[in-house]
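Below is one structure, written out as structure tokens, with a few remarks after it.
The basis for the numbers below is simple: all heavy atoms, side chains too, and nothing from hydrogens, waters or symmetry mates.
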Amino acid sequence: MSVASATLGGPGGAPDEHTAPERKEPSDVSSPSPNLSWDVHRLPPAEGRTFLVTGGNAGIGYFTAEQLAATGAVVVLGGRDRAKGEAAMASIRSRVPGALVRHLRLDLADLSSLPAAVAGLDLDRLDAVVHNAGVALDDPPRRVTEDGHELMFGTNHLGHFALTRWLAPLLTAAPAARVVTVGSFAARSERLDLGDLQSNQDYRPKRTYGRSKLAQMSFGFELDRRLRATGSTVLSVVAHPGGALDSLTPSRPPVRVTSPGERLRALPATLLVQGKDAGAWPVVRAVLDPEVAGGQLWGPRVFGLRGLPRREPVLPHMADPAVAARLWAASGELAGVDPGLGFR
């Protein structure tokens, strides 16, 4: 089993704390609208804001946390393994002097542990959560979480669904919080089987992974619709890293070391894909760019696989309201949480 952020198949100025900004409605979610002024290497400051990145100790999550830390924000790395969290924080601090980072023990595969984990944040508000952590299995057998749910669907989707419920009061307390859900390029070719969400009848690891990421994306778009219906100032945005390979990723010892040989052998792949540092760019933009609106999808510019972040069209099967409503109802029941997720 590997626990990592999704890959292929697999900061604006702080807002006024006393005045809730006017909520931006998503214009036409089917039409991209690039903001050419965005610079991935010169992010606007975010001092005074706090961001939680699930799975922030490795992969896309690590680079998302490193880039967000460079804005002056407090970045919380959510993960199960304290030692890996400490290694990630040490790496970030070595590259971002004065970085404000901390670790939160967070196990998305154990839903009963989530309320206590959120209490451990010890915050009165949260400016953004990045739903990034994920499990990707390559081979059978089918495995389950502490709660008996299929491991990838249970962790990648249900864990984040339930986590949102417990974070809702903290997100609502912020002037303009964001829920950024990290999907996957793999979701383009998958369709949800609402009669077999947990692959009880037909388990194929790669397909089950892709469907778990599609479920996450469907959740992100449906959450936006529900937040707008309640008049909430919280935004729900979806992003994906495109094709992001370890072999094209800069070394971050002791988190990850990429050998010169690995990079050399992977060079031809740069025509289509990129490293996980670049894969984090759409996610970071979804957190920080003041031009981003709820209900949008952000990914890499070149064929959705590599390059600078841009707004992408939302494919119909990712945001089908009827499918999303059924998935939402099933998720609330399976996770045992209020289907309103605490947003009123």
Side-chain angles (χ1 to χ4, degrees), residues 1-10 54-55 58-61 108-109 111 131-162 181-222 238-246 269 272-273 276 279 282-283 297 299-300 303-306 312-335:
M1 178 181 76
S2 64
V3 179
S5 58
T7 60
L8 174 62
T54 71
I60 301 295
L108 294 169
L111 300 181
H131 287 333
N132 160 82
V135 175
L137 300 181
D138 296 323
D139 302 297
R142 182 180 179 275
R143 300 176 63 176
V144 298
T145 68
E146 292 286 336
D147 306 290
H149 304 304
E150 188 282 317
L151 187 60
M152 290 182 278
F153 179 80
T155 303
N156 303 354
H157 171 61
L158 289 182
H160 285 116
F161 184 91
T181 300
V182 181
S184 171
F185 191 87
R188 292 185 176 213
S189 58
E190 296 296 344
R191 299 295 184 272
L192 292 176
D193 183 347
L194 293 168
D196 189 25
L197 287 172
Q198 304 204 60
S199 303
N200 287 298
Q201 300 167 28
D202 184 10
Y203 177 71
R204 285 178 265 175
K206 293 188 186 304
R207 189 185 68 175
T208 297
Y209 170 77
R211 288 181 172 181
S212 75
K213 299 305 290 185
L214 176 57
Q216 279 191 272
M217 297 172 82
S218 177
F219 158 74
F221 295 124
E222 179 66 11
V238 180
H240 75 90
L245 303 183
D246 282 325
L272 286 177
V273 294
K276 293 187 176 180
V283 182
L297 172 64
F303 305 121
L305 289 171
R306 65 179 299 274
E312 290 188 0
V314 178
L315 298 180
H317 77 280
M318 294 179 176
D320 183 309
V323 172
R326 292 178 61 188
L327 172 66
W328 190 284
S331 300
E333 183 175 347
L334 290 169

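- A side-chain donor-acceptor contact under 3.5 Å links H317 to the backbone of A187.
- If you take CG on L192 and CZ on F153, they are separated by 8.0 Å, rounding to the nearest 0.5 Å.
- In terms of the side chain to side chain donor-acceptor pair (under 3.5 Å) criterion, D196 has no residue partners (sequence neighbours excluded).
- Looking at Q216, its side chain never comes within 3.5 Å of a backbone N or O of T181 through a donor-acceptor pair.
- When every heavy atom of L334 is checked against every heavy atom of L111, the shortest pair comes out as O-CD1, 4.4 Å.
- Remark: T155 pairs with no residue by the side chain to side chain donor-acceptor pair (under 3.5 Å) rule, at least two apart or across chains.
- The two residues A133 and G55 come nearest to each other via the heavy atoms CB-N, 3.4 Å.
- Not a single donor-acceptor pair under 3.5 Å links the side chain of R207 to the backbone N or O of S199.
- Note on ring orientation: taking the six-membered ring where Trp is involved, the planes of H157 and F219 are perpendicular (angle over 60°, cut-offs 30° and 60°).
- Pairing each heavy atom of I60 with each of P241, the nearest pair is CD1-CB, 3.7 Å.
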For R142 and L137: C-alpha separation, side-chain torsions, deciding distance, then whether side chain to side chain contact (heavy atoms under 4.5 Å, CB included) applies. CA-CA 9 Å; R142 182 180 179 275; L137 300 181; over 6 Å; no
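- Distance alone, capped at 3.5 Å, places no donor-acceptor pair between the R143 side chain and the P140 backbone.
- In this structure, CG on N156 lies 12.0 Å from CG on L214, to the nearest 0.5 angstrom.
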One pair to check against side chain to side chain contact (heavy atoms under 4.5 Å, CB included): V144 and E150. What are the steps and the verdict? CA-CA 4 Å; V144 298; E150 188 282 317; 5.5 Å; no
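- Distance alone, capped at 3.5 Å, is enough to place a donor-acceptor pair between the S212 side chain and the Y209 backbone.
- Taking CD from E312 and NE2 from H240, the interatomic distance works out to 3.5 Å, rounded to the nearest 0.5 Å.
- Scanning both residues, L315 and R188, for their nearest heavy atoms gives CD1-CG, 4.0 Å.
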For H160 and L108, run side chain to side chain contact (heavy atoms under 4.5 Å, CB included): C-alpha distance rounded to whole Å, both residues' side-chain angles, the deciding distance at 0.1 Å, then the answer. CA-CA 7 Å; H160 285 116; L108 294 169; 3.3 Å; yes
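- Going from atom CG of L158 over to atom NE2 of H149 covers 5.5 Å, rounded to the nearest 0.5 Å.
- Using a 4.5 Å heavy-atom cutoff, the side chains of V182 and H131 are not in contact.
- Annotation for R326: atom CZ does not count as buried by contact number, only 12 or fewer foreign heavy atoms lying within 6.0 Å.
- Contact between A109 and L151 at its shortest, heavy atoms only, is CB-CD1, 4.5 Å.
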List the steps and the verdict of side chain to side chain contact (heavy atoms under 4.5 Å, CB included) for V314 and M217. CA-CA 10 Å; V314 178; M217 297 172 82; over 6 Å; no
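- With values rounded to the nearest 0.5 angstrom, R191 atom CZ is found 10.0 Å from D320 atom CG.
- In terms of heavy-atom proximity, D139 sits nearest to Y203 at O-OH, 4.5 Å.
- Every residue two or more places apart in sequence or in another chain that forms a salt bridge (charged side-chain N to carboxylate O under 4.0 Å, His left out) with E190 is listed here: R211.
- For the pair K276 (side chain) and G61 (backbone), a donor-acceptor distance under 3.5 Å is absent.
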